[in-house]
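The structure appears right after this line, and notes come after that.
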2 protein chains.
Amino acid sequence: MNSLPPLTHQFVSHFGEMGSRWGINRTVGQIYALIFVSPKPLNADEIAEALEFSRSNVSIGLKELQSWRLVKLKHLAGDRREYFEAPQDVWEIFKSLAEEKRRREVEPTLSMLRAALVETPGNEADAHAQKRMQQMHELIDLSSTWFDDVQRLSPETIGRLMRMGSSIKTVLDMTDKLKIVGRKKVSS
Amino acid sequence: MNSLPPLTHQFVSHFGEMGSRWGINRTVGQIYALIFVSPKPLNADEIAEALEFSRSNVSIGLKELQSWRLVKLKHLAGDRREYFEAPQDVWEIFKSLAEEKRRREVEPTLSMLRAALVETPGNEADAHAQKRMQQMHELIDLSSTWFDDVQRLSPETIGRLMRMGSSIKTVLDMTDKLKIVGRKKVSS
DNA sequence: TTGTATTTTCACGAATGTGTGAAAACTGTA
DNA sequence: TACAGTTTTCACACATTCGTGAAAATACAA
C-alpha cells in the first residue's frame, strides 16, 4: 500500500475511507480503486500485496465486486490465475452501478408498496398510510422507469441531455407547444 | 410496534429491514417510516411507545433524520414537546435526499479527484491513474451538475421530463436539427 | 489419476456499531 | 431564581461486521 505511487495511493485511500458511506467496506473500496486505476488486469496476489491485505480478504472482496458487476474476470493466456479489471467505459460502470443499486435498494421497496396498495385499509390510520404509500410508490416507480429508459440511450445522447441542464425545460415547453399546434391543425 | 395497524406495521418493518442497505440503521428507518405515514406530527415519546424503542434511541434517531432533512421539527401550541413530521410533498423529500447524498457521498470524491488532477504524475503508473481519474471526474461532475440543475425545475416539469422516458432522444435530435438549420440560415 | 497452483471457506479474535437506562443538561414558567 | 417537563449525553452490555490464517475445495497440467 505504501509502495503505491502517490496519486494512486491517494485515490485508493480515499475509496477506503468513503467505503462505509457507500455501503461497502474499506477493503472492497480499496480493491476496486486499485483495479480501476490499474493499466492492466490484476490478480488476487498482486492486489493482496499492493494493499497489504490477506489473500482471503481479497478473495471475498473480489466476489463482492463481481456481484456488483464492477470488475470483470479475465483469464490471461498461459496463466492459471484469475485476473480482474474494471470496465474501461465509465458510463458502462455508472450504468451497472445504478442498475444494481436499483435491484437491491429500490425493487424490494417497490414490491412492498405494490403489495400494500392492493390491500383494503382496516381503519382511518391505515387509510392515510396507504395514501402516503401511494405517493411514494408513484414517485419511485416513475423515477425507476425513467432511469431504466434513459439507461438504454447511448452515452453520447445521455451526455447531450445532461449538458442541456435545466434548459431542457425550454425544449419541453417547445415540444408541448408544437403538439398543441399540431392537434389544433388536425382538429380544425 | 405490534399495536400498529397492519399496513403501517408492514411499511415500518420494511424500512427497518432495508435500513442497513440504505446506510441507516433499523431504528432510524423505522422512525422515519412511522413519521412518514402518520397523519399528524409525532413526539419522541409517541414514537418510542409505538416502536418499543428506548427514549434515548429515538432521540438519536430523530437527530439523524434531521441531519438528512427528512423530518421537520414542529412545535404545537400549548405543548412543550417537540413534534416531528415528514414533508408532505414526496418530490421535496426526494430532492432533500438527493442533495444530502451528493453532499456526503459525492462531493468529497469530487474534491479528491480535482486535487489529484492538478498534480503532475511522477511515473507511468500514476500517469495512467490520472487519466482514469479524469474520466471518473468528468462523469461525476457532469451528473452532479445536471442533477443540481434539474432539481431546480418544478416537480411538474421534472414529471413531464420523466414521463417522456427514452423518447427524449427524439426531442433532442429535433432541437439539434433546428439549431443546425438556424445556423445555416445565419451563415448563408 | 496424481500433484501442484490457486481459490474459497471457516472459525476465531478484534474492531465497530447498536440500544439501553441513568444522569446531566436544557427550556420555559412561575 | 427554583422547578418540573423534556431532551441529550454517556458508559456499558450486546450484537454485528471485519480481517486473518489455516484448512478444505477446486482446477488444471502432466
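Model, not experiment: these values are computed from the prediction. Note: hydrogens, waters and symmetry copies are ignored here, and every other heavy atom, side chains too, is used. A note on names: the letters A, B, ... follow the listed sequences, proteins ahead of strands, and every chain is numbered from 1.
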* Can we say Glu156(A) and Arg160(A) salt-bridge, meaning some charged N sits less than 4.0 Å from an Asp/Glu carboxylate O? -> yes
* Member of Leu4(B), Val58(B), Thr27(B) meeting the side-chain contact (heavy atoms from CB on, under 4.5 Å) criterion with Leu51(B) -> Leu4(B)
* State whether Lys40(B) and Glu46(B) are salt-bridged, where the test is any N-O pair (Lys NZ or Arg NE/NH1/NH2 against Asp/Glu carboxylate O) under 4.0 Å. => yes
* Pair Thr109(B)-Arg21(A), side-chain donor/acceptor within less than 3.5 Å -> no
* Asked: Has Arg81(A) got a side-chain N or O lying under 4.0 Å from the OP1 or OP2 atom of dT6(C)?
  -> yes
* Between Glu99(B) and Arg102(B), is the closest basic N to carboxylate O distance under 4.0 Å? -> no
* With DNA chain D as reference, determine whether Ser56(A) or His75(A) sits nearer its 5' end, using the nearest nucleotide of each. => Ser56(A)
* For Phe84(A) and dT7(C), give me the distance from atom CZ to atom C1', rounded to whole Å. => 9 Å
* **Nearest-angstrom distance from the residue atom OH of Tyr83(A) to P of dA5(C)** => 15 Å
* Kindly say if Arg55(A) contacts the phosphate of dT7(C), meaning a side-chain N or O under 4.0 Å from OP1 or OP2. => yes
* Asked: Does the base of dT4(C) carry an N or O that pairs as donor and acceptor with the side chain of Arg80(A) under 3.5 Å?
  -> yes
* Asked: Any side-chain donor-acceptor pair under 3.5 Å between Glu138(B) and Gln134(B)?
  -> yes
* Asn25(B) CG - dT16(C) C1' separation (whole Å) -> 13 Å
* **Under 3.5 Å side-chain donor-acceptor pair for Thr157(A) and Ser154(A)** => yes
* Can any side-chain N or O of Asp126(B) pair as donor or acceptor with the backbone N or O of Thr8(A) at less than 3.5 Å? -> yes
* Rounded to the nearest Å, what distance is computed from the CZ atom of residue Arg26(B) to the C1' atom of nucleotide dG19(C)? -> 8 Å
* Please work out whether the ring planes of Phe15(B) and Phe11(B) are parallel, tilted or perpendicular, with thresholds of 30° and 60°. => tilted
* Asked: Tell me: CD1 of Ile24(B) to C1' of dG19(C), nearest whole Å?
  -> 16 Å
* Of residues 57-72 of chain A, the positions that come close to DNA chain D - non-hydrogen atoms, cut-off under 4.0 Å -> Asn57(A)
* **Gap between atoms CG and P, on Asp45(A) and dT7(C) respectively (whole Å)** => 6 Å
* Structure fact -> Span of DNA chain D engaged by chain B, first through last nucleotide within the 4.0 Å heavy-atom cut-off, is dA4(D) to dT9(D)
